[in-house]
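First up is the structure itself, then whatever we jot down about it.
Note that the structure is a prediction, hence the values are computed from the model and not measured.
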Amino acid sequence: MSSWSRFAETFLNAKVMHRYLPDILSGVVVTIELALLIVATGIAAGLALALLRSLGIRPLNWLIIAVVDLFRALPPLVVIVLIYFGLPSAGLAPSGFVSTWLSLAFVLMAFSEEIFWAGITSVDRGQWEAARSTGLTFGQTLMSVVLPQAFRLTIPPLTNRAIAITKGTALGTVVAVTEILGQASSAMSNSYNPSPLMMGAAAYLVLFLPVVVAARWVETRFAWKR
Amino acid sequence: MPGPIVDARGLHKHFGALHVLKGVDLRVAERELVFVIGPSGSGKSTLLRCLNRLEEPSSGSVVVDGIDMLDPRTDINHARQRIGMVFQSFNLYPHMTALGNVTLALRKVAGKSRAEAEALGRAALERVGLADRAAHTPGKLSGGQQQRVAIARAIALEPRVMLFDEPTSALDPELVGSVLEVMRSLRESGMTMIVVSHEMGFARNAADRVVFMDGGAIVEEGPPATIFERPAHERTRAFIGQIQRH
């Protein structure tokens with residue numbers, strides 16, 4: 001047996017792959033569901049916090065900064081474990097799926113708040129002044145003048161962060177979420193063969209490569225010349 | 001004689017420990033063109049920005065076209081429509097076309113429909129000689145053209161008063177003329193204008209009155225010929241001498 005066929009037998013075992021393909025695919029569905037939920041809610045919450053922060057209410061801003069710094073400092077795994085094992089003592093018992101979703105959404109919220117905030121503050125003060133001098137309200141200026149400019153600046157760091165966080169769905173294995181990695185590792189222990197892990201890796205590539213490419217397209221699409 | 005259209009009295013402005021305006025009175029009649037000159041840091045831009053409350057005066061009163069600008073009951077966004085402002089750095093919205101820049105406040109503040117706003121916007125661009133640039137974004141326009149779009153953005157709202165904060169200072173010398181030309185035609189149409197600028201030639205020809213500020217106060221004011229040729233104060237003489245040497 002050549003070394004290549006030994007490798008193939010171990011890592012690309014067709015029989016094992018065929019057998020566990022349905023499991024991996026169901027994991028893909030769970031990962032997609034989780035990722036979409038995390039990205040949608042995390043970014044929306046981050047934007048909401050950044051908008052609240054732009055109102056400039058001091059005590060509120062201290063609170064926002066405290067929450068944001070907390071979730072940026074904690075490892076996501078710790079947040080997942082705290083929510084999954086900690087909330088039941090407060091009378092709530094979120095499933096592993098919900099715990100993973102909430103935890104990673106909080107972390108993404110924290111990072112995206114900072115990204116949106118940086119975008120908003122990077123818009124020149126003259127833009128605010130010009131808009132306000134024509135009678136636009138604070139809210140109209142924010143929506144029509146400042147945010148469209150801020151968004152263009154935030155797209156690259158936001159996509160990077162969203163991709164990084166959604167890969168964190170793999171942490172859900174710890175609280176028994178049956179996403180890609182969870183399915184792959186249980187299949188691996190059941191079959192005594194690492195081929196399911198290779199399928200999992202392939203699934204991540206198939207999922208995330210288009211996202212990365214799409215992010216690149218969006219960046220060029222939204223670029224404008226000053 | 002009707003009352004002044006701009007009536008600012010006893011304006012003080014503090015920035016922390018800095019006392020930038022020290023009791024400034026400025027009254028401007030309708031159709032008058034007032035030039036405000038003075039060394040940098042003399043408070044002339046701050047004075048201008050207090051008139052539309054981009055800067056909150058520490059004390060004093062500002063009445064524009066009969067509206068008490070500092071009264072908390074005043075709808076400041078409504079009042080600001082009557083006061084156009086043009087900035088040194090143009091401050092056009094880079095993500096919109098020239099027409100988009102001009103029509104934004106028409107739609108959002110003046111409540112015009114898109115079609116109405118675009119018709120008024122095109123007319124305003126026409127007045128500054130840029131009807132053919134309506135679809136261009138600011139990045140595709142020269143500095144002089146950008147400043148003229150900024151003027152169009154302000155006049156489209158049909159303001160009663162126009163404030164110009166060093167409108168030509170950021171422009172290459174060869175582009176200054178086109179902006180001054182637009183300002184001259186505005187003046188001829190009877191617009192009340194308050195201009196912070198060092199364009200002495202323009203001031204001499206077009207201004208009704210020149211106000212010289214130094215150290216947060218008005219040192220003296222009068223017709224351009226008087227201020228430029230026979231200033232009463234030593235500080236005015238020194239300043240005029242300095243800018244004329246350049």
Side-chain angles (χ1 to χ4, degrees), chain A residues 43 47 50-52 54-58 61 112 115-159 214-226, chain B residues 45 48-49 51-55 74-97 100-111 124 136-141 146-147 149-159 161-165 170:
Chain A
I43 288 181
L47 178 60
L51 293 179
L52 276 179
S54 72
L55 295 176
I57 305 164
R58 252 204 215 144
N61 285 4
S112 58
I115 292 169
F116 282 126
W117 180 246
I120 289 171
T121 52
S122 74
V123 174
D124 188 70
R125 210 166 67 105
Q127 294 287 312
W128 283 97
E129 294 182 344
R132 296 307 304 272
S133 79
T134 60
L136 261 66
T137 63
F138 175 88
Q140 289 171 328
T141 304
L142 191 63
M143 289 304 170
S144 299
V145 175
V146 175
L147 281 185
Q149 298 182 53
F151 281 156
R152 284 159 208 252
L153 298 165
T154 58
I155 282 169
L158 213 52
T159 28
R216 208 176 288 283
W217 179 81
V218 168
E219 275 168 39
T220 42
R221 170 78 180 68
F222 278 85
W224 87 93
K225 292 175 188 71
R226 277 196 177 268
Chain B
S45 282
L48 211 59
R49 296 155 58 84
L51 298 179
N52 65 354
R53 237 177 93 190
L54 275 188
E55 218 68 81
T74 298
D75 178 353
I76 188 69
N77 298 313
H78 188 260
R80 278 178 179 153
Q81 278 185 80
R82 298 154 175 256
I83 310 170
M85 189 161 193
V86 173
F87 302 84
Q88 179 176 355
S89 48
F90 328 136
N91 299 346
L92 291 183
Y93 315 132
H95 58 299
M96 295 181 188
T97 62
N101 270 272
V102 178
T103 53
L104 181 66
L106 283 170
R107 293 197 285 123
K108 303 266 174 192
V109 185
H136 291 235
T137 52
K140 296 229 158 66
L141 299 172
Q146 288 189 52
Q147 192 60 299
V149 172
I151 294 173
R153 175 171 67 182
I155 62 174
L157 292 160
E158 298 185 353
V161 184
M162 283 285 291
L163 311 175
F164 291 85
D165 190 4

For Asn91(B), the side chain to side chain donor-acceptor pair (under 3.5 Å) test, sequence neighbours excluded, returns Ser89(B)

Turns out that what part of Tyr93(B) lies under 4.5 Å from chain A's heavy atoms comes down to both

Within residues 100-109 of chain B, contacts to chain A at heavy-atom distances under 4.5 Å involve Leu104(B), Ala105(B), Lys108(B), Val109(B)

For His95(B) and Ser144(A) the tightest heavy-atom approach is NE2-O, 3.0 Å

Under a 4.5 Å heavy-atom criterion, the part of residues 78-85 of chain B in contact with chain A comprises Arg80(B), Gln81(B), Ile83(B), Met85(B)

Among residues 132-142 of chain A, residues within the sub-4.5 Å heavy-atom range of chain B, in order of number, are Arg132(A), Ser133(A), Thr134(A), Gly135(A), Leu136(A), Thr137(A), Gln140(A)

With heavy-atom distances below 4.5 Å as the criterion, would you say the side chains of Pro94(B) and Gln127(A) are in contact?
yes

